[in-house]
Amino acid sequence: MSFENLNEQQLAAVTAPPGAVMVVAGPGSGKTRVLTQRIAYLLQEQNVAPWRIMAVTFTNKAAREMRERLQHELGEDLRGLSVGTFHATCARLLRREGDALAPQYTRDFVIFDTDDQKSAVKQALEDLNLDPKKFTEGRMSSGISAAKNVLITPADYQATDHVGEVIKRVYARYQEILQANNAMDFDDLLLNTVLLLQRNPLIAEKYRQQYQHVLIDEFQDTNLTQYNLIRRLVGEGGNLFIVGDTDQSIYKWRGADIRNLQRFQQDYPEATTVLLEENYRSTQTILDAATAVIRRNRNRVDKSLRAMRGHGELLKMEEAYNEGDEAYRVLNELRSLMVNGYNAGDVAIMYRTNAQSRALEEAFIRAQMPYKLVGGLRFYSRKEVKDVLAYLRVIQNPADEFSLYRIINVPKRGIGAKTWEGLRAWAQAQGWQPTQGLLQMAEQTGLAVPFSGRALAQLMQFAHQLRHWFALSQRTSTTVADLLDTILKDIDYKNYLGEDTDEGAERWENVMEFRNVAAVADDMPLSDFLEEVALVADVDSLEEGSSAVTMLTLHASKGLEFPVVFLVGLEEGILPHSRSLQSDDPEDLAEERRLFYVGLTRAKDRLFLYHSFQRTNWGQTNATTPSRFLADIPSEMVGGLAQAGQRRQATKQSMSSWSSGWNPSGGSSGNSRPSPVPRPQPNQHGNRKRKSRATPRKRGAPKRVFPVWRRP
DNA sequence: AATGTGTTCTTTTTT
DNA sequence: AGAACACATT
């Protein structure tokens, strides 16, 4: 591998001497390349063995790409090279050291997703006889998560007020429930890894010895627990290579702590620092606009981003009438871009909240324009997929009561709430978990059980099925897909979904997609498969080179780039989000600005900025104010205004065929900009027309990104 | 136990 | 506006 194509700064980072290295990397400065080349440099020039390197990326996609690139460029055996997200890395370590997890956990533990988490918190509230109205699941969950992010266990939790006291108790009970189910939530993966290393100095020493080089991407978005983990793995004089950009820190709400940077500087005062300021992604115009926006933040170190490309085109800024019109304008702009040689795959539409995708999707479906949606209703959180997944999870981990509860009456077996409670109580009295109880019923013919009649017969049948699946899964020749096929056939799931309805057919399609994912992971043990499924992020499945527009949140856009970017919904209350405006912490508003900055800097060539005059939220239509951030973009970088009138004229014809657009009667002077036009009042009856949607949103729009997991 | 009706909350952002 | 949930009815 040659390092000739690197600029001076990049080369300095890649070939930095051992010890601690901090790379401050502005957007588009080639930080992923630097990270990859650094690993290549270690492997090739420093003769470091692959298994001595651990790299932590922000997404699985980034990890996959990094590994592929290394494989491609080096052609070496990379076995043992650890590349993955914090969560995946921790999960792997925890399983490897499964014995040290006892007695709370076995290495077969499952990962609880957000839905499971919710159920568990509710269970905890119920167990503690707390009023779920007063102490909401959401508040409890975020309190628990916040504690885990700063390495606080229930025992360490210091409550300062009433709510804190309750959170402490719920947290404690919640952990008991998770442990009883042999389950960890996302935060636990990190927390438990730290605890494991803390409690087992020998294991900690083993890994510290093994991983001589640790590299961390997106360091600005690590939390305290993650920093602690890094410290345990790296130690005082170790080799730690971090890459980050404080201007792109957008995960404070998830516990990311910018002070980790100060901690790093304190812990590694001798660290080499490299600044990457040359930008290879965007035009100077885009960069200048972004810089003007981010400069308004206080307490930041200014960077001068130099574009290595020309000035490019001006930004375009437009006001739409409402979200439907906004989507319509995006579509029109998109069409003209495509006429001018752009591919739909070059284009991304970004927004602050997932809910905003809806208006866009409707317009795109109506226009029959393909798109792929990142996030939103996640594939793995669809009912049918969750059902099937729950079957596998029970087989993997019989302790998982939540999954058993989910499937015991799906498809309908006539096992209702009463029978379920009966089973639980009876099993508990025998010292079993419910699944164990069922298996015992299937095995011991004369077992005395408190059921009779229909309930007994149904339970028995289900118990025998379970036993059969367990036996099947024990055989090494059984693949996950085999197991899945057997289960689907045994429960006649296709029939349950209803083949003859559109909805049923679509759901079944999703199940089959899921089966495909399982089939790809052919020789993978069930536990690994379930882990992969639990840890895939929405962006992970984003394929390049497809000919569909990508729709995604600003958060999900981090680390990505597109030739053309549309930013929509740039209004007060959306971006910046109303929550940040209500907050008394000015950092929240600063983070919203950074989020906008991230969005702006995703664009390579063209940038389109939209806001709407009015917007409908929660069924309420309100007038809006353009985002304060828009005013920070110098007007000489914006060229959209002058062309707006002209463009609208061209689009007016097709508007009449667009049934659910805004009613043109509201603004008969369609040639002018919307602003001077007499604006219909929000409550005017003309607006009510929107009630009848031309195309009701079809469940599960067809172009959703499908998270196909691929082996590295 | 399954189905129907009314009420309440939701929307920040995600591994 | 829609989903999720609690409660009531078949």
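To find a chain, count down the sequence lines: A is the first, B the second, and so on, and within it residues start at 1. On a predicted model such as this, the values are computed, not experimentally measured, just so you know. Just so it is clear, the values below take in all heavy atoms, side chains as well, and ignore hydrogens, waters and symmetry mates.
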Considering all heavy atoms, the nearest A:D217-A:T57 contact: CB-CA, 4.1 Å

Touch class at under 4.0 angstrom, heavy-atom based, for A:T419 against every strand present: sugar-phosphate

Options B:dT15, B:dA1, B:dT13, nucleotide nearest the side-chain atoms of A:H555: B:dT13

Nucleotide nearest A:F186 (side chain, heavy atoms from C-beta), chosen from C:dC5, B:dT15, B:dA2: B:dT15

Closest approach of A:Y251 to A:D221 (non-hydrogen atoms, all atoms of both residues): N-OD1, 3.3 Å

From C:dC5, B:dT14, B:dA2, nucleotide with atom closest to A:N409 side chain: B:dA2

Among B:dA1, B:dT13, B:dT15, the nucleotide that comes nearest once only the side chain of A:N354 is considered: B:dT13

Residue A:R579, side-chain atoms from C-beta onward, closest of B:dT14, B:dT11, B:dA1: B:dT11

Sugar-phosphate, base or nothing in reach of A:K118, heavy atoms under 4.0 Å: nothing

Inter-nucleotide P distance (C:dA4, B:dT13), Å rounded: 15 Å

5' precedence on DNA chain B between A:Y251 and A:G414 (nearest-nucleotide basis): A:G414

Criterion side chain to side chain contact (heavy atoms under 4.5 Å, CB included) on A:R96 and A:L93, from CA distance to verdict: CA-CA 5 Å; A:R96 195 172 310 144; A:L93 191 150; 5.6 Å; no

Qualifying residues under ring-ring contact (aromatic ring centres under 6.0 Å, His included), relative to A:F462, sequence neighbours excluded: none

